[in-house]
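FYI, the numbering just counts along the sequence from 1.
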Amino acid sequence: MEEVIIKDKQKYLNEHYPFAHIPKLTDIKSCNICDRVFAVSEYKVFKDIVGDETICCPGAPDCYGTAIDWIVLE
Ligand SMILES: [Zn+2]
């Protein structure tokens with residue numbers, strides 16, 4: 001997995017976030033895998049060997065969590 005550096009993180013989310021409700025960069029989430037609490041702006045993107053890009057937990061690559069594992073904090 002190779003990290004992809006994203007210049008405009010909100011634009012990237014708008015175009016690639018896999019679910020209907022696109023978060024703002026200032027939203028606070030928790031990772032269901034590593035329990036890290038983070039601002040959405042801290043997300044990382046990794047590209048796999050076939051070139052597919054995945055929005056990942058800021059703890060990646062140590063944490064294998066992706067956007068699907070993010071929990072909204074009340
Ligand atoms: Zn995580």
- Query: How long is the gap from OG1 on Thr54 to OH on Tyr43, to the nearest 0.5 Å?
  - Reply: 12.5 Å
- Which distance, rounded to the nearest 0.5 Å, do you find between the CG of Asp69 and the SG of Cys34? 9.0 Å
- Quick one: CG on Asn14 to NZ on Lys9, what's the gap to the nearest 0.5 Å? 14.0 Å
- Give a yes or no on whether Val4 and Leu25 share a hydrophobic cluster (residues Ile, Leu, Val, Met, Phe, Trp, Tyr; joining criterion: side-chain heavy atoms under 4.5 Å apart). yes
- Message: Would you say that Arg36 contacts Ser30 through its side chain, given a criterion of any heavy-atom pair below 4.5 Å between the two side chains?
- Response: no
- So how far is it from Glu53 CD to Glu3 CD, rounded to the nearest 0.5 Å? 11.5 Å
- Message: Tell me if the OH atom of Tyr64 is crowded by more than 12 foreign heavy atoms within 6.0 Å.
- Response: no
- Note on the structure: With sequence neighbours left out, the residues meeting ring pair (Phe, Tyr, Trp, His ring centres under 6.0 Å) with Phe38 are Trp70
- Task: Take Lys47 and Asp52, measure what side chain to side chain contact (heavy atoms under 4.5 Å, CB included) needs, and give me the verdict at the end.
- Result: CA-CA 5 Å; Lys47 185 160 58 177; Asp52 286 337; over 6 Å; no
- NE2 on His21 to CG on Asp27, rounded to 0.5 Å: 12.5 Å
- Query: Going through the checks in order, is the side chain to side chain contact (heavy atoms under 4.5 Å, CB included) test met by Asn32 and Ile68?
  - Reply: CA-CA 9 Å; Asn32 199 26; Ile68 204 170; over 6 Å; no
- Treating Ile, Leu, Val, Met, Phe, Trp and Tyr as nodes and any side-chain heavy-atom pair under 4.5 angstrom as an edge, say whether Phe19 and Ile22 lie in one connected cluster. yes
- Message: Is there a side chain to side chain contact (heavy atoms under 4.5 Å, CB included) between Thr66 and Ile55? Walk through the geometry before answering.
- Response: CA-CA 6 Å; Thr66 68; Ile55 299 171; over 6 Å; no
- Nearest 0.5 Å please: distance from the CD atom of Glu42 over to the SG atom of Cys56. 14.0 Å
- Item | Least distance between heavy atoms, Lys24 atom then Val40 atom | O-CB, 3.3 Å
- So which heavy atom on Pro23 is nearest to which on Lys29, and how close? CB-CE, 3.9 Å
- Query: Would you say Tyr17 and Ile6 are hydrophobically clustered, going by side-chain heavy atoms of ILVMFWY under 4.5 Å?
  - Reply: yes
